[in-house]
Structure formats: C-alpha cells, structure tokens
Amino acid sequence: GAVVSQHPSRVICKSGTSVKIECRSLDFQATTMFWYRQFPKKSLMLMATSNEGSKATYEQGVEKDKFLINHASLTLSTLTVTSAHPEDSSFYICSASTSGGADNEQFFGPGTRLTVL
Amino acid sequence: AQSVTQPDIHITVSEGASLELRCNYSYGATPYLFWYVQSPGQGLQLLLKYFSGDTLVQGIKGFEAEFKRSQSSFNLRKPSVHWSDAAEYFCAVGASNDYKLSFGAGTTVTVRA
C-alpha cells in the first residue's frame, strides 16, 4: 500500500526558533499533499494544500508567513513553523494524494508532535 | 460547505461485543464519505469509503458502514470488537468537486476485557 512518512516524529524546540517537518510519499508520486493540525481530543484541521511546483493554498485563518509550505518534488513536502511559540505546540499530520480530488484517497503520515517551550 | 457530526465523544464496549459509531453529515449533493482510525500517536488509517453504489460498504478489520441518505448518516459497525480496536475513529466527508475533507470531532473507543 501507499506509505507516507514524516520526520521527525517528535520535536521539542525553544520559543522563537524555526522547525521544519518533512512529509514524504515513499512508494508513489504525490501530486497533492495536505497539512493538518490536530489539537488534543480534537478533529483534524486542514491548514493548507500544496501541489507540486506551485504555491500552497492556505485555509482561512492560517498564517502563511508562519507556516511555510514547500512542495518541491512529487515525493516531498515540508512544513516550516517559523518563530515558533508555545501556542504552536500541536500534532501535525500530513497526507498525500495522487491527485486533488476527494475520490482520490489521502494517505496519512504518522504525524509529528511539536512541543514549543 | 460540508460538515460532519459525531455525536458520541467516547464509547466503552466489552471485548466481543458489537460496536456502532454514529456519523451524520451535512452536504447538499451526494457526499464522499470516509471512516478513519487513529491509534495513539499515529496517523490516520482508512477503514472504508463510500462514493456511490451499494450503500453497505465493507472495510478492513471487519468494519462495515451503511450510507443512509434519508438520515444523512454513515454509521460504522463491527459485530465483535477486539482489544486492538481501541482507538480514535473519525468520520469525514468530501465532495466530488472539492479535494478537501471535513472531519468530525472523533469518537474514542475503549475496549474492556
């Protein structure tokens, strides 16, 4: 089956620093990748959608200058949390799809636990 | 825009007993419906999905779900739960012309011996 990996699985950083999270599709080419944020005991909130080679589309209320997304290849997307603060602490999950339609299954990564001190 | 409601925040069930998780959606046209399972600290795994056709959908791990348009529901069932079924379950809805998925708040399933 399609496998999506995320690195790191967990990261602890100091307030004010930047953190990069990688999302890779290991055995398929992902035209579209999605980044979600999940709060404890809460649903997944879509942050942004990225298509290979183009700028990410951010959801309303998500600061694009704070959450930088790059989808440089068909197998890699990165999320950089810039100048992280404690309120950015969360579980970040990516998913990948061979195209952007809802009928194309999204394959989810295992998530990255970010803790900002 | 589509939305999903999962009325049950937490369900406790005995091992071997049946399980049903409720999901109600709001969408004007025929929705694309999904059930995902998330184990602690893990990403989401697709259990099953409905796009069209037979309204009773079979999934992995012995799960099934039934699409009922009249009730705007897509409830998930399993006849006999195993301890390994303890997890968080999310219902999601998508649209044919939109790649976005809207997730419910999730239902936590606890399995007691």
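Each chain gets a letter, A, B and so on, in the order the sequences are listed, and its residues count up from 1.
Per-residue counts of heavy-atom pairs under 4.5 Å with chain A were compared for B:G106, B:G104, B:A92; the largest is that of B:G104.
The cluster map of Ile, Leu, Val, Met, Phe, Trp and Tyr, joined by side-chain heavy atoms under 4.5 Å apart, puts B:V93 and B:Y89 in the same cluster. B:W35 and A:L44 fall into different hydrophobic clusters, where Ile, Leu, Val, Met, Phe, Trp and Tyr side chains are chained together by heavy-atom contacts under 4.5 Å. A single hydrophobic cluster is not seen to contain both A:M45 and B:V4; linkage of ILVMFWY side chains at heavy-atom distances under 4.5 Å, directly or through other members, places them apart. Connection of B:Y27 to B:F74 is established within a shared hydrophobic cluster, with ILVMFWY side chains joined at heavy-atom distances below 4.5 Å, either directly or through further cluster members. Following chains of ILVMFWY side-chain contacts shorter than 4.5 Å, one can reach B:V111 starting from B:L21, so the two form part of one hydrophobic cluster.
Contacts between residues 4-21 of chain A and chain B, defined by a heavy-atom separation under 4.5 Å, are made by no residue at all. Within residues 109-117 of chain A, the residues having any heavy atom less than 4.5 Å from a heavy atom of chain B are, in residue-number order, A:G109, A:P110.
Here CD of A:Q38 is found 4.5 Å from CZ of B:F90. Values are rounded to the nearest 0.5 Å. Note that the OH atom of A:Y36 and the CG atom of B:L44 stand 9.0 Å from one another [nearest 0.5 Å].
Around atom CD1 of B:I9, no more than 12 heavy atoms belonging to other residues, nucleotides or ligands sit under 6.0 Å away.
The minimum heavy-atom distance between A:Q106 and B:Y36, with the atom names listed, is O-OH, 4.0 Å.
Proximity to chain A (any heavy atom under 4.5 Å) is shown, for B:Q6, by neither the backbone nor the side chain.
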